[in-house]
Amino acid sequence: MLEISFVRNEAAQVVSRLKIKNFDASMLVEQIIAVDVRRRNIQKSLDETLAQSNQLAREIGTLYKQGKQSEADLLKTRTSELKNLSKSLQDDMDACSLEQEKLLVLLPNLPHEGVPAGKSSTDNEVMLSEGKIPQLSENALPHWELAKKYDLIDFECGSKISGAGFPVYKGKGARLQRALIAFFLDEAVAAGYTEYQPPLLVNEASAYATGQLPDKDGQMYHATVDNLYLIPTAEVPITNIFRDMILRSDELPAKCTAYSACFRREAGSYGKDVRGLNRLHQFDKVEIVQVVQPHNSYIVLEEMAMHVTGLIRKLELPFRMLKLCGGDMSFASALTYDMEVYSAAQERWLEVSSVSNFATFQSNRMKLRVRTPDGKLTLAHTLNGSALALPRIVAALLENHQEKDGIRIPKALQPYTGFDFIG
RNA sequence: GGAGAGAUGGCCGAGUGGUCGAAGGCGCACGCCUGGAAAGUGUGUAUACCUCACAAGGGUAUCGAGGGUUCGAAUCCCUCUCUCUCCGCCA
C-alpha cells in the first residue's frame, strides 16, 4: 500500500509511473484525493468538537469540587449537543477512513525506475544467461516419465489421497526432496540468514499485511471454521514476524530463511503447463526474506539474486535471469528478477525463483518501521525471494541430468542425498 | 473442552471515576563530574492523525481490541482476542 501522504503530494508521479505497469491510476488517484480532503475536513471539526467537550468536562469537574452544584448542572446541559455532534462526526470519520483504505489498497506498488515497459512475459529483459543446454538423446524422457520409471514420484497415488496436484514422493524421490531442502537451508545460513520454522496457517491480519488479501483471496486455501489461511509461501509468516514493529537501525538488515510447504489453489490453471511437477497445489520451498534500511534495498536485491543464481549454478542447471517488465510484475513489487531453469526434455524455461524488492509497500501495510540514528522513524524496505522452489528444480534436475540408465546427482547435492546416481 | 487469574509506555511496575500520556525504577540518549572509565548527578526519552514548512507550537486519539454507562474512564459494565494456572483430551 502506498502512503497517503505520498499519493497526496505526488499524485502526478503516481499516475505516470503506474503506466509502466499498464495501470491507469488517474481515476483512482482522483478519488483517493477527494476522500482524503473530505477526511481531513471531518477530522478538523471532530477534533474541535472534542476539544470543546474536554474543556467543558474540566470546568464541570472544577465546579463540583468547589461545591457549585447548580453552576455545574447548568454547564451539563450544553454537553449533550456536543456529544451528538462528535458522535456523528466520528461515524463519518470512520466511514471515510475505511473508504480511503479500501481505495488505497487498489493501487499497485510503483515500479522502480529501471523497470522496462512491456505488456507480458515476452517483454522481460534477459539479464544473464548461463550454463550449457544439454543435448539429450532421441529417447529422452520428460520428468513425469522419469519419475515413474525410477519410482520417485507417484502422481496417481497423490490423486487418490488428496487430488491432482498433490504428488507422493517416494524412495530416492523423497530423499531428493529432503536433500534439496537441507542444501538450500545450509546455503542460506552460510550466507548469513537465520533459519526459521514458521506456522503454515496464518490469520487474516497476516495475509492482509503481505498483500495476499484482499486481492488474491481465491488463491489461498481457507480453513473457514477457524478462519485461517494455508500459506502460499513462507514469505507470509516470515515477513509478518516484523508486523507492527519499530526496529533500531542496528537490528537491520534482518535476514531470514525458512523452509515450508506451500499451498496454492491455482484456480484457473490447466493444460500442459500443469503436467507433472510444473504446477502443484502443495509444494516445498525455501524462502529468503530481508528487512533492510531504505537506502540500500536495491543493492540487497542484487545480492539476493546472486545468492539464488549461485544455488542454480551449484545444481549444474542452465538458467537465465530476467528483469520483469512492468506488465509482468506483481502488484506489490517495485522490481523483480525471475530465475528460470531450462528443462531440456520439455524444451522450455521453468520459473524457479522470483526475487523482489517491495520497498515500503508491505511495510506500510504492516507498520514496520526503523528508527534511524538521528531518531527519525521511517518505513523499512522488505524483500524476498525463493531460494528455491523445489518441484521445477526437481523436474529440471531429472530431465537435464538423465543418462542412458539413470539420473546423475550434481556433486554439491551428493553429501545431502547420500547417493550420486538414481538408476 | 471445563474452572480460575491476568493484559498499563522498550522492559519492570504503580495507579478503582476528575486536570493521567500516565508515579517510581531499569534501560537508552545527551550534559556535568573524571586523566579516562565506573559510580554519582542533571536533562530528555511512546505512536498515529490534524493544523503546519514532514520546524517550533497547538489540537485529537490511544493504558489488549471493540462497544456501553458518565459532564468526565487506564479505573465501572458488556462482548471478543490473547497469556498464565489447574483439570480433561492428546502427537
Side-chain angles (χ1 to χ4, degrees), chain A residues 1-11 13 32-104 197 199-209 223 225-229 237 240-252 254 261 294-295 360 363-380:
Chain A
M1 186 166 70
L2 298 178
E3 288 174 276
I4 179 59
S5 57
F6 185 79
V7 176
R8 181 160 63 216
N9 298 330
E10 304 288 344
Q13 196 194 144
I32 289 169
I33 287 174
V35 173
D36 185 50
V37 168
R38 222 167 73 218
R39 197 197 91 239
R40 286 189 291 161
N41 282 330
I42 294 169
Q43 174 156 13
K44 232 182 286 180
S45 337
L46 175 62
D47 284 358
E48 273 167 27
T49 310
L50 288 172
Q52 278 181 48
S53 10
N54 286 345
Q55 176 58 29
L56 216 49
R58 275 191 289 267
E59 285 173 20
I60 291 169
T62 319
L63 288 175
Y64 270 129
K65 254 185 200 152
Q66 296 168 346
K68 297 176 180 168
Q69 272 287 343
S70 54
E71 283 182 51
D73 289 344
L74 201 65
L75 282 184
K76 270 200 207 177
T77 58
R78 283 170 52 194
T79 58
S80 72
E81 195 187 334
L82 283 174
K83 201 171 178 179
N84 289 335
L85 183 59
S86 67
K87 202 170 255 178
S88 87
L89 283 169
Q90 184 67 61
D91 288 347
D92 291 352
M93 176 79 183
D94 292 345
C96 230
S97 306
L98 201 70
E99 191 183 342
Q100 182 168 73
E101 170 112 359
K102 263 190 188 157
L103 292 171
L104 216 44
Q197 268 206 23
L200 304 181
L201 280 79
V202 297
N203 58 30
E204 230 173 303
S206 295
Y208 178 82
V225 176
D226 299 292
N227 198 24
L228 293 170
Y229 293 87
N240 268 283
I241 291 171
F242 301 96
R243 174 150 52 91
D244 292 321
M245 280 177 92
I246 297 174
L247 299 166
R248 292 188 317 270
S249 55
D250 65 343
E251 293 176 284
L252 299 182
H295 61 87
T360 58
S363 57
N364 186 40
R365 269 202 199 193
M366 62 181 154
K367 303 283 167 282
L368 163 54
R369 288 159 295 176
V370 205
R371 192 181 297 284
T372 53
D374 58 337
K376 280 195 177 162
L377 282 180
T378 158
L379 290 169

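In what follows, chains carry the letters A, B, and so on, assigned in the order in which the sequence lines appear, proteins first and then strands, with residues in each chain numbered from 1.
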Of the nucleotides [options], which one has an atom closest to the side chain of [X]?
{"X": "A/A57", "options": "B/A48, B/G18, B/U60", "value": "B/G18"}
{"X": "A/Q43", "options": "B/G59, B/A48, B/G18", "value": "B/G59"}
{"X": "A/I60", "options": "B/U47, B/C71, B/C50", "value": "B/C71"}

At less than 4.0 Å, is any side-chain N or O atom of [X] found next to OP1 or OP2 of [N]? Yes or no.
{"X": "A/R8", "N": "B/C50", "value": "yes"}
{"X": "A/R369", "N": "B/U47", "value": "no"}
{"X": "A/R40", "N": "B/C49", "value": "no"}

Does [N] pair with anything, Watson-Crick or G-U wobble, both distances under 3.5 Å, and if so, with which nucleotide?
{"N": "B/A37", "answer": "none"}
{"N": "B/A14", "answer": "none"}
{"N": "B/G1", "answer": "B/C87"}
{"N": "B/A48", "answer": "B/U60"}
{"N": "B/A22", "answer": "none"}
{"N": "B/G9", "answer": "none"}
{"N": "B/C30", "answer": "B/G42"}
{"N": "B/A55", "answer": "none"}

* To do: Would you check if there is a donor-acceptor pair between the side chains of A/Q55 and A/E59 at a distance under 3.5 Å?
  =>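 Side-chain D/A pair, A/E59 to A/Q55: present.
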How many whole angstroms separate atom [atom1] of [X] from atom [atom2] of [N]?
{"X": "A/I42", "N": "B/U51", "atom1": "CD1", "atom2": "P", "value": "13 Å"}
{"X": "A/K376", "N": "B/U47", "atom1": "NZ", "atom2": "C1'", "value": "17 Å"}
{"X": "A/E10", "N": "B/C54", "atom1": "CD", "atom2": "C1'", "value": "13 Å"}
{"X": "A/L377", "N": "B/C49", "atom1": "CG", "atom2": "C1'", "value": "15 Å"}
{"X": "A/M245", "N": "B/U47", "atom1": "CE", "atom2": "P", "value": "15 Å"}
{"X": "A/D36", "N": "B/C49", "atom1": "CG", "atom2": "P", "value": "11 Å"}
{"X": "A/L50", "N": "B/U70", "atom1": "CG", "atom2": "P", "value": "17 Å"}
{"X": "A/E101", "N": "B/A48", "atom1": "CD", "atom2": "P", "value": "16 Å"}

Regarding [X], tell me which of base, sugar-phosphate or nothing describes its non-hydrogen contacts under 4.0 Å with the strands shown.
{"X": "A/L75", "answer": "nothing"}
{"X": "A/L46", "answer": "nothing"}
{"X": "A/N54", "answer": "sugar-phosphate"}
{"X": "A/R39", "answer": "sugar-phosphate"}

What I'd like to find out is whether the side chain of [X] reaches to under 4.5 Å of the side chain of [Y], using heavy atoms alone.
{"X": "A/L252", "Y": "A/V370", "result": "yes"}
{"X": "A/D226", "Y": "A/L201", "result": "no"}
{"X": "A/S53", "Y": "A/K83", "result": "no"}
{"X": "A/K376", "Y": "A/R371", "result": "no"}
{"X": "A/L228", "Y": "A/N203", "result": "yes"}

* To do: Assess whether side-chain contact (heavy atoms from CB on, under 4.5 Å) is satisfied between A/M245 and A/E251, documenting all intermediate values.
  => CA-CA 12 Å; A/M245 280 177 92; A/E251 293 176 284; 6.0 Å; no
[N] and [M]: how far apart are their [atom1] atoms, nearest whole angstrom?
{"N": "B/G57", "M": "B/C52", "atom1": "C1'", "result": "10 Å"}
{"N": "B/U75", "M": "B/C20", "atom1": "C1'", "result": "11 Å"}
{"N": "B/C63", "M": "B/A38", "atom1": "P", "result": "38 Å"}
{"N": "B/G66", "M": "B/C82", "atom1": "C1'", "result": "15 Å"}
{"N": "B/U70", "M": "B/C80", "atom1": "C1'", "result": "24 Å"}
{"N": "B/U16", "M": "B/U51", "atom1": "C1'", "result": "37 Å"}
{"N": "B/A61", "M": "B/A73", "atom1": "C1'", "result": "14 Å"}
{"N": "B/G15", "M": "B/G9", "atom1": "C1'", "result": "14 Å"}

* Asked: Any chance CZ of A/R58 has more than 12 other-residue heavy atoms, nucleotides or ligands included, within less than 6.0 Å?
  ->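 Count over threshold, so yes.
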* Asked: Does CD in A/Q66 sit with more than 12 non-hydrogen atoms of other residues, nucleotides or ligands closer than 6.0 Å?
  ->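 Atom CD in A/Q66 is packed in, count exceeds 12.
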* Asked: Starting at the 5' end of RNA chain B and moving along, which residue's nearest nucleotide shows up first, A/R371 or A/Q55?
  ->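 By nearest-heavy-atom nucleotide position, the 5'-most residue is A/R371.
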* Asked: In terms of the nearest nucleotide of RNA chain B, which residue is placed more toward the 5' end: A/I4 or A/E48?
  ->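 The residue closer to the strand's 5' end, by nearest nucleotide, is A/I4.
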* Residues within residues 79-97 of chain A bordering RNA chain B, heavy-atom distance below 4.0 Å ->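 Result for residues 79-97 of chain A: A/T79, A/K83, sorted by number.
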* Pairing residues for A/D92 by the salt bridge (charged side-chain N to carboxylate O under 4.0 Å, His left out) criterion, not counting sequence neighbours ->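 With sequence neighbours excluded, A/D92 shows a salt bridge (charged side-chain N to carboxylate O under 4.0 Å, His left out) to no residue whatsoever.
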